[in-house]
Amino acid sequence: MKTADAIVTLTQLGRGERPWSLQNRETEEVLNISLALLMEVTVAYDRIDRLERLLAERTGLTLDALRATDYAPQSEAARERQECTDALLARVLRIRLDPRTGNTSQPA
């Protein structure tokens, strides 16, 4: 099972209403999506930087030269990247994929 499929399945198994604390549920959903995306991008940038530095060190290229290298994707690599993108979207948009509706009462 792909990661994205597992996340969707997990959210479908959720029980009860999703609690929320802001007065506007849509605002809270956008905030949750933004925070999830921020975490994903932060982790990705950290990993990319570490990999680029390691590759530059091992190949003798400068970081600038390495980052300027044009990469032509291959079909297997492109497929794997698409699966990673699908999983990322499922994680970031989890709040919208989850069928639970949330509180119907106003937050305290």
Side-chain angles (χ1 to χ4, degrees):
M1 176 180 282
K2 294 180 186 175
T3 304
D5 296 334
I7 292 171
V8 170
T9 300
L10 183 62
T11 60
Q12 290 172 343
L13 296 174
R15 301 284 186 245
E17 295 180 343
R18 175 181 296 285
W20 54 282
S21 57
L22 299 177
Q23 289 184 354
N24 184 306
R25 179 175 175 229
E26 290 80 15
T27 301
E28 185 156 340
E29 286 180 356
V30 170
L31 177 62
N32 285 331
I33 290 168
S34 300
L35 291 175
L37 186 56
L38 175 64
M39 290 307 303
E40 294 287 343
V41 169
T42 300
V43 169
Y45 281 168
D46 181 65
R47 291 179 72 187
I48 290 166
D49 182 67
R50 285 185 285 135
L51 288 170
E52 285 177 339
R53 289 174 188 278
L54 179 63
L55 185 59
E57 179 183 306
R58 297 219 174 152
T59 62
L61 294 171
T62 66
L63 277 175
D64 290 336
L66 180 66
R67 290 175 178 160
T69 302
D70 189 23
Y71 175 72
Q74 298 175 359
S75 62
E76 180 63 21
R79 185 192 60 76
E80 289 175 6
R81 279 193 299 278
Q82 185 60 52
E83 285 180 11
C84 289
T85 298
D86 293 344
L88 169 66
L89 288 171
R91 289 189 307 271
V92 170
L93 297 175
R94 175 191 55 81
I95 190 88
R96 297 297 299 156
L97 296 172
D98 193 333
R100 294 178 288 164
T101 59
N103 286 343
T104 55
S105 61
Q106 292 294 324

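All values below come from the heavy atoms of this structure, side chains included, with hydrogens, waters and symmetry mates left out. A quick note: this is a predicted structure, and the numbers were derived from the prediction, not measured. Positions are given from 1 along the sequence.
In the hydrophobic cluster analysis, where Ile, Leu, Val, Met, Phe, Trp and Tyr join through side-chain heavy atoms closer than 4.5 angstrom, Leu88 is grouped apart from Leu38. Note on Val43 and Leu89: separate hydrophobic clusters, where clusters join Ile, Leu, Val, Met, Phe, Trp and Tyr whose side-chain heavy atoms are under 4.5 Å apart, directly or indirectly.
Take Glu26 and apply the side-chain contact (heavy atoms from CB on, under 4.5 Å) test, not counting sequence neighbours, and it matches Asn24. In this view, Arg47 satisfies the side-chain hydrogen bond (donor to acceptor under 3.5 Å, both in side chains) rule with no residue, not counting sequence neighbours. Under the rule for a side-chain contact (heavy atoms from CB on, under 4.5 Å), the partners of Leu31 that lie at least two apart in sequence or sit in another chain are Leu22, Leu35. A search for side-chain hydrogen bond (donor to acceptor under 3.5 Å, both in side chains) contacts involving Glu52 returns Arg67, not counting sequence neighbours. Residues meeting the side-chain hydrogen bond (donor to acceptor under 3.5 Å, both in side chains) test with Ser34, sequence neighbours left out: none.
The CG atom of Asn32 sits 11.0 Å away from atom OG1 of Thr27, with the distance rounded to the nearest 0.5 Å. With rounding to the nearest 0.5 Å, the separation of CG in Asp86 from CZ in Arg91 is 10.5 Å.
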Show every donor-acceptor pair shorter than 3.5 Å between a side-chain atom in residues 56-66 and any protein atom, with sequence neighbours excluded, or say none if there are none.
| unit_1 | atom_1 | unit_2 | atom_2 | d |
| --- | --- | --- | --- | --- |
| Thr59 | OG1 | Leu55 | O | 2.8 |
| Thr59 | OG1 | Leu61 | N | 3.3 |
| Thr62 | OG1 | Ala65 | N | 3.1 |

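A salt bridge does not link Arg25 with Glu28: none of the charged nitrogens is closer than 4.0 Å to a carboxylate oxygen.
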